[in-house]
Amino acid sequence: MTALTSPRVPTAYLNMAGSGPVSDEVLAATTTYLKIEQQVGAYDTELDHHVELDERVYENLGTLLGCVAADIAIFDNATRAWTEVVSRLSFKGARRILTTEYEYAGNLQYLKDLSEREGLELITIPCTDKGEIDLEWLQSNMGNDVGLVSVVHVPSCCGIINPVATIGEILSGYQAVYIVDACQAVGQVQIDVHATGCDVLTGAGRKFLCGPRGTGFAFVSAQLRARMSPGFVDLHLSDIKADGRIEKDMGNARFLEMGERNCGAIIGLSRAIEEALHGGDRLNDGIFRIREGVSALEGVIPIDPGRNRGGIFSFRHKKIPAEEVVRNLREHRIAAWRIKGSHTPLYMLPRGHIEGVRLSSNKITVEHADLVVAALKDMLA
Ligand SMILES: Cc1ncc(COP(=O)(O)O)c(C=O)c1O
């Protein structure tokens, strides 16, 4: 086996939109759990940690998102959470699905397949000239023939924070299921699913929440669960009886999960949420300093729409490819990421953003932010 090494530890970490660094405590919780599994056996370890795995982590997620534990299901990533819920919705009587220009490519591909299969029209809510979701358009085009409205809270490509609660107000009173992809928002933006008025909200543990990889979750409201077809329920919540009947426990959102799970990662996720809940401010000044400093550099084309923006700042350069900028930043021990326009295709591609450099953090200090701006100034001069 190849030896595991860490060739370069960055001084400034700016790829939290990819995956945030776990704290020493989160790492210790996961590795300690795995160590116990090795010594005792995984099934017995799971039994011994049943309260943490079957209660506390759900309560923690409920506190983070503003709902009860019964509304939470845990998955191995955000796309699984999103597709698992959407796959169980019924679109009887619906003619349209609405999404936005900021839709994540994975969700969008699913929506395209779904709308073809179900004979629905997939419509994109346009943006205003400031790059904000056009709420007036939504207000005048919403109707009871819309089966699903899918909105990304913070997109993958840039820092705009979409007005999910105002959208929730516009949608209230309509039949449509309202799903919010909060994958990039959780951990940097305060979330309250009831104030948002959504039926479903999904997220990943590994990004701004700084939990372990391989974790994701969904809030699914009790009202929506009551309308969902149960479909297949895995053996953690179902049982075949002697007469052949299948008994399914639909008492909480966990019927959406698979029975098998990565317990060590879930233990780490629970710790990461506790840290986020006690961590105070979710956004600091550093990224705003980067946004301002880098936007002013010669040749930089900011990819930075909207007026309400958070911990992601993206740009491209008129001449230097993103890959080269990212490689060069790495040599300065700054972790950044080259994004593909096709991951947020409806916003990026029509504007000519085939790729970009994404800098993302809710923790970067002002001193490190200044280092990043200085490094880019040298490089792009
Ligand atoms: C906005 C958004 N939604 C969904 C996802 C998918 O998350 P996952 O890779 O955990 O499935 C991402 C991943 O970057 C994302 O940025």
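Atoms within each ligand, like the ligands themselves, are counted from 1 in listed order.
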So which heavy atom in the protein is nearest atom 16 (O) of ligand 1, and how far is it from that ligand atom? Gln184 NE2, 2.9 Å
To the nearest 0.1 Å, how far is atom 11 (O) of ligand 1 from its closest protein heavy atom, and which atom is that? Thr79 OG1, 2.5 Å
Under 4.0 Å to a heavy atom of Ser156 - the qualifying atoms of ligand 1, by number: 1 (C), 16 (O)
side-chain contact (heavy atoms from CB on, under 4.5 Å) partners of Glu37, counting only residues at least two apart: Tyr33, Leu34, Ala42, Thr45, Cys263
We want to know whether Asn60 and Ser270 form a side-chain donor-acceptor pair, criterion being a heavy-atom distance below 3.5 angstrom. yes
Glu101 and Thr124 have their tightest heavy-atom pair at N-CG2, 3.6 Å
Side chains of His353 and Arg316: do they bring a donor and an acceptor to under 3.5 Å? yes
Would the distance check show the side chain of Tyr102 and the main-chain N or O of Asn162 forming a donor-acceptor pair, the cut-off being under 3.5 Å? no
Please check whether Ala78 reaches ligand 1 - meaning an N/O of the residue sits under 3.5 Å from an N/O of the ligand, judged on distance alone. yes
Show every side-chain hydrogen bond (donor to acceptor under 3.5 Å, both in side chains) that has at least one partner inside residues 73-100, sequence neighbours left out. Asp76-Arg80, Glu84-Arg88, Arg95-Asp145, Arg96-Asp145, Thr99-Glu103
Taking 4.0 angstrom as the limit and counting only heavy atoms of Arg206, give me the atoms of ligand 1 inside it, by number and element. 8 (P), 9 (O), 10 (O)
Answer side chain, backbone, both or neither: which part of Asp181 comes under 4.0 Å from ligand 1, heavy atoms only. side chain
What residue and heavy atom of the protein are closest to atom 14 (O) of ligand 1, and at what distance? Lys207 NZ, 3.0 Å
